[in-house]
Amino acid sequence: MRFYFHLFYAMLSCINKIYQSVETMRFNKNKYLKDMEQTDVERIRSEQISIAFRQAFASIFPLFLGALIISILYWDTSLSPYVNVWFVVINITLIWRLWLLIQHKKHPKKYSDLVWEYYFKVVMYISALLWGLSAFFLFQSDDITDQFAIIFIISGISSVASGTLASMFGLSVVFLSFLIAPLFMVMVLHGGLEYQMMGFLVAAYYILLVNASRRIHLNILSALKSKILHEKAAEALALSEEQFETIFKEAPAGIFYYNKDLIVIESNVEMMQILQITRDEMIGLDLKKLPDRSLYDAIFEPISGNKGYYEGSYVTMIHNLQLWITLRTSPIYNAKREIIGGVALVTDITERIQAEEKIKHQAYYDALTDIPNRILLKDRLAQSLAHYRRSKNIVAVMFLDLDHFKSINDSLGHHVGDALLIETAKRLKKICREGDTVSRLGGDEFVILLNELGNDPHIAATKVESVAEKIHEALGSAFDVGLSDTITTSSSIGIAMVTSEIQTADDLLKFADTAMYQAKKEGRNTTRFYQEKMDQWIKHRLFLENALRHAIKNNELELYYQPVIEIATKRIIGAEALLRWNHPELGIVMPDEMITIAEESGLIVPIGEWVLREACRQFVSWRAKNLSQTHIDRIAVNVSAIQFKQNNFVDNVIRIVAETGIMPSMLELELTESTVIDKLDTVIEKMNRLRAAGINLSMDDFGTGYSSLAYLKKLPFTTLKIDRSFVRDIMSDEDDAALVETILSMASIFKFDVIAEGVETIEQFKFLEDHGCQYFQGYLCSKPVQVKYFEELLTHDVQKCTTQSAKNSLQRTSALSI
Ligand code: C2E
Ligand code: MG
Ligand code: MG
């Protein structure tokens, strides 16, 4: 008996081991599971265990019945105590099994699958073993029916187990082995030939059952795999549906579907927001009725199976909104691949287009006045010139510069300057035709491009001139720039007309600029057409600039002096030093021509210093000579704005005063308005230092600028010099006479000395005398003259200038002067 047990035990553990590994191998290499993910394989395993647990319920009662029958049949045999024990143990196992199954059913998550599997296996192995042991009772009864009962029950259990445990094939094989092996051994080792043969039949039966179990197992696996794959597909579908739903709802683009009749069937919120309409308005919208046909084609494309695309402007159907959109359309198919409509994806690119437009606008338009800038002007001019080359239709370029703009900007502030420029641009645009271009190059420079002037140069010139006239008129009327008073301005216009096919945009702009320069030079508020000789004039300017660089060291500069006469005594009491340049080839060059060049090239600084030193030196020398006990006690020197702005200007003046030994109170520096209008604090500080040094300061050309007397009162001037343009017309122009009168009376209140410039006639002299003017300068007495002639003048009886013989005197002095 012990031998049997040992043999049996060894066999069974061997079987168990083999089948354990077979099962693992089968599981891992199973063709059904080969291409599946690990998690899915685990799920299948878990399902297999659950199936085994579920199936195990049904056999509990038959097993109990089987055990009862066997114990009844064999209770009075020689193994009766074993039978009773066996019966009890079998029932304990059944109860344990029932408990385990119930536990698993109620709390499947209580243990991991591995643990459940382990418990299940233990119960099943024990139960298989116990049932297998029943085979040892076989030959305890000679009754064939009793023997048949055992064989029948074991075969029944094994055939049921091969099905119910097939989900866990390894378990099923071990179970069948435990169950059948003892019966086989008992029959082969213990029985007669018939039993031995039956034993082999049992073995064959075992093989059949294992095979059947394997097939069932594979079917289960396949079913489980299909189930899992189906579940996964369903999950994936649900996920993709959800994702699609999210994309449809949340996409930063408008999406809508429409059917073959082009009726909208679904739309996302973004789409409705783009069109600014409600869902009710959107769904059912008939796209055939689109008033804007521009995108109709793109919407219709999907119906014929193609993709559609549109990018451009679109006016919406309901609210007439002007939008910029991109629209992409694709067909929608049903399951049979038939087209059932289209889907459209719409992006609103209005903001992007507007931003691009804005950037483009900024690149081509002037920020302040919103008219074309230099780039756009040049582009249009190039186009006009190309057109001219084809059609000979003349083009003209007008270069316009506001007179005195800098003074207005500096004295009244940039906001006034800006307002003036904006208003100027408006007025210019009003005058010009639509095909013309009014542009601003910067500062106060405007350029107007006039097109379509016809083929006749004379007629074209007349047309352009009339435009220039209109411009002068328009810019001459008062500007309201938000100040209490309106301001007036004027403009200088240079015009260049295309005359040859080879002229470029740059050429015409340069010509017009040159002409404008000429207009400015010739007295502002004028128009000049470009002529070849202007170009020569520019070249001449360059030549002068170069020559001027050598003028000081070549001793080419000279000072002329113009007497200043005291009206009350009719005596020469002073002189104004005026610069002349004796050019070896050009002869005498006058200040009007040379000062601007000197200022623009910076040469005015050394030249100004030379003038000051020379004038002081000359004056000191006159005083030393004490010419005919004259009353000359002041010398006036002109100072340019550029010179005055130099940081060391005051120091230089004081140094020169000291070096030449002139009494500071006898030196008078003449400043113009443009010198004192900018950076008032620094100007006052410099002026105060000069005044503190005893030097006098006069305001030259008074009346030509914008400053009022009240403004000048803030500045420490001692003298005002009324500009000769007012004096010239005092006898003929009532306005000028009134102005001079006002200046004189205001000056007396503010205690300024007044010198009238440019007095040429006795009448002018009388007028000034009658109205309390203290001093004058002018041809009536003398033009500016060289030193020796001035000295002669000093020794003359100046009174003559103002008497009946003035004419003679004038002639005489004129002869002495330039
Ligand atoms: P300004 O300082 O107003 O000088 C007076 C100008 O008027 C002088 O012209 C003088 O010749 C002219 N003039 C004087 N009386 C009469 C008259 O009765 N009738 C007419 N028609 N003209 C008269 P000029 O010498 O050609 O000087 C022109 C301007 O050049 C000066 O105007 C002054 O602003 C500037 N200038 C002259 N010399 C210098 C200088 O050394 N330095 C600087 N910075 N500027 C100078
Ligand atoms: Mg002067
Ligand atoms: Mg003057």
Side-chain angles (χ1 to χ4, degrees), residues 521 523 548 551-552 557-565 572 574-581 588-616 618 634-646 649 653 656 667-675 696-705 717 719-730 743 754-765 768 775-786 790 793 801-802 806-807 809-810 813-814 816-818:
K521 190 172 166 276
L548 194 57
I552 302 180
L557 298 182
E558 187 183 356
L559 286 185
Y560 278 44
Y561 297 90
Q562 185 178 38
V564 176
I565 295 105
I572 299 176
E576 177 177 1
L578 292 156
L579 184 61
R580 300 292 182 266
W581 175 17
I588 293 179
V589 182
M590 298 298 282
D592 279 346
E593 202 172 348
M594 122 187 64
I595 296 294
T596 355
I597 299 174
E599 283 180 335
E600 281 170 7
S601 60
L603 287 168
I604 193 68
V605 178
I607 291 176
E609 218 173 295
W610 178 88
V611 170
L612 181 63
R613 182 173 283 109
E614 180 58 20
C616 292
Q618 186 58 63
R634 74 173 81 158
I635 179 80
V637 175
N638 292 287
V639 172
S640 139
I642 310 273
Q643 224 181 319
F644 187 81
K645 273 183 195 138
Q646 301 296 308
F649 173 72
V653 172
I656 291 169
L667 174 64
E668 184 170 281
L669 298 182
E670 294 192 3
L671 309 177
T672 55
E673 202 180 340
S674 60
T675 313
N696 293 308
L697 299 170
S698 66
M699 156 114 286
D700 204 354
D701 304 338
F702 181 70
T704 51
F717 279 116
T719 310
L720 285 188
K721 295 186 78 173
I722 303 177
D723 190 68
R724 68 169 188 269
S725 58
F726 300 107
V727 176
R728 189 180 58 212
D729 299 328
I730 23 180
I743 295 173
V754 179
I755 302 176
E757 294 186 290
V759 178
E760 293 183 0
T761 66
I762 290 289
E763 290 75 25
Q764 290 166 342
F765 173 84
L768 294 163
Y775 309 98
F776 84 89
Q777 269 176 258
Y779 295 174
L780 179 63
C781 176
S782 168
K783 284 188 170 183
V785 290
Q786 284 173 299
F790 187 79
L793 265 182
C801 292
T802 56
K807 270 189 184 154
S809 165
L810 189 60
T813 51
S814 305
L816 299 176
S817 62
I818 299 304

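Everything numeric here is computed off the predicted structure, so don't read it as measured data. Scope of the values below: all heavy atoms of this structure, side chains included, with no hydrogens, waters or symmetry mates. Starting from 1, each residue takes its place in the sequence as its number. Order of appearance sets the numbers: ligands from 1, and atoms from 1 within every ligand.
- Within the 4.0 Å heavy-atom criterion, the part of D592 lying near ligand 1 is the side chain and not the backbone.
- Here the side chains of W610 and L579 are in contact, with some heavy-atom distance below 4.5 Å.
- The Mg ion (ligand 3) lies closest to atom OD1 when only the N/O/S atoms of D701 are considered.
- Here the protein heavy atom with the shortest distance to atom 12 (C) of ligand 1 is R724 NH1, 3.4 Å.
- Close approach of ligand 1 to E760 is summarised as follows: ligand atoms under 4.0 Å from at least one heavy atom of the residue are 17 (C), 18 (O), 19 (N), 20 (C), 21 (N).
- Looking only at heavy atoms of the protein, atom 36 (N) of ligand 1 is closest to P591 CB, 3.9 Å.
- Atom 23 (C) of ligand 1 has its closest protein heavy atom at Y779 CE2, 3.4 Å.
- Short contacts between ligand 1 and G778, defined as distances under 4.0 Å to a heavy atom of the residue, involve ligand atoms 15 (N), 18 (O).
- For the ligand labelled ligand 1, residue R580 lies inside the 4.0 Å heavy-atom shell.
- Heavy-atom minimum distance, V727 versus G758: CG1-O, 3.9 Å.
- Atom 8 (C) of ligand 1 has L578 CD1, 3.9 Å as its closest protein atom, hydrogens excluded (heavy atom only).
- Take the N/O/S atoms of E576: the one nearest the Mg ion (ligand 2) is OE2.
- No donor-acceptor distance shorter than 3.5 angstrom exists from the side chain of Q562 to the backbone of V785, with no hydrogens or angles considered.
- For the pair F649/L669, a side-chain contact is recorded, criterion being any heavy-atom separation below 4.5 Å from C-beta on.
- Taking the six-membered ring for Trp and thresholds of 30 and 60 degrees, F765 and F776 have ring planes more than 60 degrees apart, a perpendicular arrangement.
- In summary, no N, O or S atom of E757 is located under 2.8 Å from the Mg ion (ligand 2).
- Listed by atom number, the atoms of ligand 1 under 4.0 Å from S640 heavy atoms are 44 (N).
- Between V611 and ligand 1, a contact under 3.5 Å exists for no N or O pair.
- Q764 places a side-chain N or O within donor-acceptor distance of the main-chain N or O of E760, the cut-off being under 3.5 Å.
- For the Mg ion (ligand 2), the nearest N, O or S atom contributed by E670 is named OE1.
- The closest donor-acceptor contact from the side chain of T675 to the backbone of L671 lies at 3.5 Å or more, if one exists at all.
- At least one N/O-N/O distance between D700 and ligand 1 falls below 3.5 Å.
- Counting heavy atoms from C-beta on, the side chains of I607 and W581 never come closer than 4.5 Å.
- The ligand atoms of ligand 1 that sit less than 4.0 angstrom from a heavy atom of E670 are 2 (O).
- Put simply, S698 stays out of reach of the Mg ion (ligand 2), with no N, O or S atom under 2.8 Å from it.
- Looking from atom 38 (N) of ligand 1 to the surrounding protein, the closest heavy atom is L579 N, 3.2 Å.
- Taking all atoms of both residues into account, the shortest heavy-atom contact from L578 to P784 is CD1-CG, 3.5 Å.
- A donor-acceptor pair under 3.5 Å is absent between the side-chain atoms of S698 and the main chain of D700, judged by distance alone.
- If you look at V637 next to ligand 1, there are no close heavy atoms at all, none under 4.0 Å.
- At a heavy-atom distance under 4.0 Å, no atom of R728 approaches ligand 1.
- Considering backbone and side-chain atoms together, N638 places an N or O closer than 3.5 Å to an N or O of ligand 1.
- Atom 11 (O) of ligand 1 has its closest protein heavy atom at P784 CG, 3.2 Å.
- When distances from atom 32 (O) of ligand 1 to the protein are checked, no heavy atom turns up under 4.0 Å.
- The shortest separation from a heavy atom of G608 to ligand 1 is not under 4.0 Å, leaving the residue out of contact.
- Minimum interatomic distance between I595 and I604 (heavy atoms only, all atoms of both residues): CD1-CD1, 4.1 Å.
- Numbered from 1 in the order shown, with element, the atoms of ligand 1 that lie under 4.0 Å from a heavy atom of I595 read 43 (C), 45 (N), 46 (C).
- Remark: K721 engages E576 in a salt bridge, criterion side-chain N to carboxylate O under 4.0 Å.
- Inclusion of D700 in the first shell of the Mg ion (ligand 3) is supported: an N, O or S atom falls under 2.8 Å.
- Looking only at side-chain heavy atoms (C-beta outward), T719 and V754 stay at 4.5 Å or farther from each other.
- Listed by number with element, the atoms of ligand 1 under 4.0 angstrom from any heavy atom of E757 are 1 (P), 3 (O), 5 (C).
- For the residue pair Q777 and E757, no side-chain donor N or O sits within less than 3.5 Å of a side-chain acceptor on the partner.
- Taking both residues in full, the closest heavy atoms of P606 and L603 are given as CD-O, 3.1 Å, listed atom of the first, atom of the second, then distance.
- Between N696 and R634, the closest side-chain pair of non-hydrogen atoms is not below 4.5 Å.
- Q646 places no side-chain N or O within donor-acceptor distance of the main-chain N or O of Q643, the cut-off being under 3.5 Å.
- At least one heavy atom of E576 lies less than 4.0 angstrom from ligand 1.
- Ranking protein heavy atoms by distance to atom 15 (N) of ligand 1, first place goes to Q562 NE2, 2.8 Å.
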